[in-house]
Trainee: 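Once you've had a glance at the structure underneath, I'll fire off some questions.
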Amino acid sequence: MHKHLPKYFIFIDKYNSEFFKYKNKNIGIIYRNYKHIEREKELIKIAKECKRNRYQLFVSNNIKLAHKVKADGIYVPAFNKTQRFSNLEKRNLKILGSAHDQKEIYNKIMQNCETIFLSPLFYIKKSKTFLGIHKFNFISKFNKINILPLGGVSLNNIRRLRLLNIKGFGGIRIFKKKTG
């Protein structure tokens with residue numbers, strides 16, 4: 001198992017060979033497909049690619065599936081409010097979470113998440129509100145936990161991430177671009 005968290009996180013919902021062509025070893029894959037009928041087969045395929053490319057793998061909301069594919073950790077989405085992920089350190093799994101506001105950040109801290117994705121940082125079509133640079137910096141300095149930006153990161157605004165005090169970021173659409 002890797003000792004540290006990667007710098008870049010790719011959120012995926014299905015296998016795509018394009019995600020595994022990056023030469024950077026500092027990548028984490030977060031598989032978060034909840035509705036796919038053949039979720040387990042898809043995840044096994046992704047796990048094999050992650051091992052071959054030395055990427056860290058995180059499975060969303062399913063501890064049993066994470067153990068089955070020998071994932072590096074688990075991802076707890078913002079809608080999951082249960083406390084059932086609080087004792088996973090003993091199982092050698094890292095816990096990542098996501099949040100949209102301070103109340104959800106507090107909930108993720110109670111779930112023992114070691115890193116929290118705060119979203120959306122920039123404008124996205126499905127959300128009327130977004131944090132922006134200043135509000136993100138304020139929230140991340142206010143909390144004593146590693147907070148990474150997620151949401152709206154594109155090739156047009158990726159340079160603005162330098163204004164943040166972060167150790168990495170998560171993305172969905174930016175990694176789907178062939179030039180990203």
Side-chain angles (χ1 to χ4, degrees), residues 1-13 19 22 24-34 43 46-47 50 53-63 65-67 69-122 124 127 130-133 135-153 158 160-175:
M1 175 137 101
H2 303 279
K3 292 181 181 176
H4 58 84
L5 288 173
K7 188 173 181 178
Y8 311 107
F9 289 90
I10 303 172
F11 286 76
I12 63 174
D13 56 359
F19 296 128
Y22 299 106
N24 192 341
K25 304 290 185 234
N26 204 2
I27 293 177
I29 301 289
I30 298 176
Y31 180 71
R32 59 175 198 161
N33 190 334
Y34 309 110
L43 184 58
I46 292 169
C50 285
N53 290 303
R54 300 174 87 190
Y55 294 170
Q56 291 186 39
L57 176 64
F58 299 88
V59 178
S60 179
N61 248 358
N62 195 327
I63 299 169
L65 205 52
H67 278 295
V69 297
K70 297 179 182 169
D72 295 289
I74 190 153
Y75 167 74
V76 185
F79 63 81
N80 187 333
K81 310 279 190 238
T82 64
Q83 299 295 326
R84 65 182 182 162
F85 298 105
S86 60
N87 63 352
L88 289 181
E89 304 91 30
K90 297 173 188 171
R91 296 185 180 186
N92 221 10
L93 288 174
K94 297 175 188 172
I95 307 170
L96 309 178
S98 67
H100 299 97
D101 55 29
Q102 185 60 43
K103 185 178 178 184
E104 289 180 0
I105 289 173
Y106 178 74
N107 191 21
K108 296 305 164 196
I109 291 171
M110 297 308 292
Q111 290 175 333
N112 288 345
C113 294
E114 61 183 85
T115 298
I116 299 172
F117 292 98
L118 187 58
S119 71
L121 175 62
F122 299 119
I124 56 173
S127 177
F130 61 94
L131 294 167
I133 301 288
K135 192 170 184 181
F136 180 89
N137 276 335
F138 176 76
I139 291 173
S140 63
K141 287 187 191 289
F142 179 75
N143 294 286
K144 305 291 185 221
I145 191 166
N146 189 23
I147 296 182
L148 302 179
L150 172 68
V153 178
I158 195 163
R160 292 176 62 196
L161 293 179
R162 293 181 188 164
L163 300 171
L164 303 174
N165 186 19
I166 56 172
K167 296 179 182 175
F169 71 94
I172 300 169
R173 287 181 293 161
I174 189 167
F175 293 108

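Numbers for residues simply follow the sequence, beginning at 1. These numbers come from the heavy atoms of this one structure, side chains and all, not from hydrogens, waters or symmetry mates.
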Trainee: Determine whether a donor-acceptor pair (N or O, by modelled atom type, separation under 3.5 Å) exists between the side chain of Ser98 and the backbone of Ala78.
Mentor: yes
Trainee: Would the distance check show the side chain of Glu114 and the main-chain N or O of Leu5 forming a donor-acceptor pair, the cut-off being under 3.5 Å?
Mentor: no
Trainee: Do Leu93 and Phe58 have side-chain heavy atoms sitting under 4.5 Å apart?
Mentor: no
Trainee: I'd like to know whether Gln111 forms a side-chain contact (heavy atoms from CB on, under 4.5 Å) with Ile95, so could you lay out the CA-CA distance, the side-chain angles of the two residues, the decisive distance to 0.1 Å, and finally the verdict.
Mentor: CA-CA 8 Å; Gln111 290 175 333; Ile95 307 170; 5.6 Å; no
Trainee: Would you say that Leu43 contacts Asn33 through its side chain, given a criterion of any heavy-atom pair below 4.5 Å between the two side chains?
Mentor: no
Trainee: Quick check: does any side chain N or O of Lys108 sit under 3.5 Å from a backbone N or O of Pro77, one acting as donor and the other as acceptor?
Mentor: yes
Trainee: Can you tell me if Lys81 has over 12 outside heavy atoms packed within less than 6.0 Å of its NZ?
Mentor: yes
Trainee: Looking only at atom types and distance, does a side-chain atom of Asn53 sit under 3.5 Å from a main-chain N or O of Tyr55, one as donor and one as acceptor?
Mentor: no
Trainee: For residues Arg160 and Ile133, report the shortest heavy-atom separation together with the two atoms involved.
Mentor: O-CD1, 3.6 Å
Trainee: Just so I know, are the side chains of Ile158 and Phe169 near enough to count as touching, which here means a heavy-atom distance under 4.5 Å?
Mentor: yes
Trainee: For the CG atom of Asn107 and the CE atom of Met110, what is their distance to the nearest 0.5 Å?
Mentor: 8.5 Å
Trainee: Between OG1 of Thr115 and NZ of Lys167, what distance do you get to the nearest 0.5 Å?
Mentor: 8.5 Å
Trainee: If you take all heavy atoms of Gly168 and Leu148, which pair is closest and at what distance?
Mentor: O-CD2, 3.3 Å
Trainee: How many angstroms lie between atom CZ of Arg32 and atom CD1 of Ile30, to the nearest 0.5 angstrom?
Mentor: 8.5 Å
Trainee: Does Leu164 reach the side chain of Ser140, with side-chain heavy atoms less than 4.5 Å apart?
Mentor: no
Trainee: If you round to the nearest 0.5 Å, how far is CD1 of Ile166 from CG of Leu118?
Mentor: 11.5 Å
Trainee: Report the distance from atom CZ of Phe117 to atom CG of Asn146, rounding to the nearest 0.5 Å.
Mentor: 9.0 Å
Trainee: Answer yes or no: is there a donor N or O on one side and an acceptor on the other, between the side chain of Asn143 and the main chain of Ile139, under 3.5 Å?
Mentor: yes
Trainee: Identify the two heavy atoms, one from Gly73 and one from Ala66, that lie closest to each other, and give their separation to 0.1 Å.
Mentor: O-CB, 4.2 Å
Trainee: Counting C-beta onward and ignoring hydrogens, is there a side-chain heavy-atom pair between Asn26 and His4 closer than 4.5 Å?
Mentor: yes
Trainee: Around Asn24, counting heavy atoms of other residues, nucleotides and ligands shown, do more than 12 lie under 6.0 Å from its CG?
Mentor: yes
Trainee: How long is the gap from CD1 on Ile27 to CD1 on Ile10, to the nearest 0.5 Å?
Mentor: 4.5 Å
Trainee: Is it the case that over 12 heavy atoms from other parts of the model lie below 6.0 angstrom from the CZ atom of Phe142?
Mentor: no
Trainee: Is a donor on one side and an acceptor on the other found under 3.5 Å between the side chain of Asn137 and the backbone of Leu163?
Mentor: yes
Trainee: Hey, which of Phe11, Phe9, Tyr31 is the one that makes ring pair (Phe, Tyr, Trp, His ring centres under 6.0 Å) with Tyr75?
Mentor: Phe11
Trainee: Is Ile109 close to Ile116 at the side-chain level, that is, under 4.5 Å between some pair of heavy atoms?
Mentor: yes
Trainee: Compare all side-chain heavy atoms of Ile147 with those of Phe136 and state whether any distance is below 4.5 angstrom.
Mentor: yes
Trainee: Where do Ile29 and Cys50 come nearest, in terms of heavy atoms and distance?
Mentor: CG1-SG, 3.7 Å
Trainee: Looking at Ser119 and Leu150, what are the two nearest heavy atoms and their distance?
Mentor: CB-O, 3.0 Å
